[in-house]
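Take a look at the structure below.
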Amino acid sequence: CAEPAPPPYKDLVGNARWIVKYSNVSVVATHSSFLAGYPFAQSKDVADGLFNETFGTGVPYIYDSPFATLAKDFTANPKVTFAYSAEFTHYCKNNDIDNDSPTCGKVMLSGEVSTISDVD
């Protein structure tokens, strides 16, 4: 199932939401608890609502083991940045747009991670 085309390029907010909604991976950066004083980044599968829903939640979700490096980092310091590229949706590749081109959009979301145990 392919994602719909992104909004017009001048719609910056719409494009950011589209990239987050249809990306299936993000690069997640934390303050490393293992490498004291250094950042740590890892690619992670992410979700922003169900793929066939029209609108995303605006909240990226990741599923991780409490034993994973990122989970230990989140516990020590919940500050995090999620980095996305429209390339992660395959839109750029499918439309012959180079990943480094400004027309292949990028989004960074920074904030704090929280643990959830159940989603209604």
Check Ser110 against Thr81 and note the closest heavy-atom contact, atom names and distance. OG-OG1, 2.8 Å

Sub-4.5 Å side-chain heavy-atom contact between [X] and [Y]:
X	Y	answer
Phe82	Ile62	yes
Tyr84	Val46	yes
Glu112	Val80	no
Tyr61	Ile116	yes
Val107	Val20	yes

Distance in Å, [X] [atom1] paired with [Y] [atom2], rounded so as to fall on 0.5 Å steps:
X	Y	atom1	atom2	answer
Asp11	Arg17	CG	CZ	8.5 Å
Thr30	Leu70	OG1	CG	5.5 Å
Ser26	Gln42	OG	CD	11.0 Å
Cys92	Asp98	SG	CG	8.5 Å
Ser23	Asp45	OG	CG	11.5 Å
Asn15	Tyr9	CG	OH	11.0 Å

Is it the case that the side chain of [X] and the backbone of [Y] share a donor-acceptor pair, with hydrogens and angles ignored and the cut-off at 3.5 Å?
X	Y	value
Asn77	His31	no
Lys106	Cys104	yes
Thr75	Ala71	yes

Running the 4.5 Å side-chain criterion over Ile, Leu, Val, Met, Phe, Trp and Tyr, what cluster does [X] land in, apart from itself?
X	result
Tyr38	Phe34, Leu35
Leu12	none
Val27	Val25, Phe88

Students often mix this up, so state it plainly: with edges at 30° and 60°, are the rings of Tyr22 and Trp18 parallel, tilted or perpendicular? tilted

Tell me yes or no: between the side chains of Asn99 and Ser85, is some donor less than 3.5 Å from an acceptor? yes

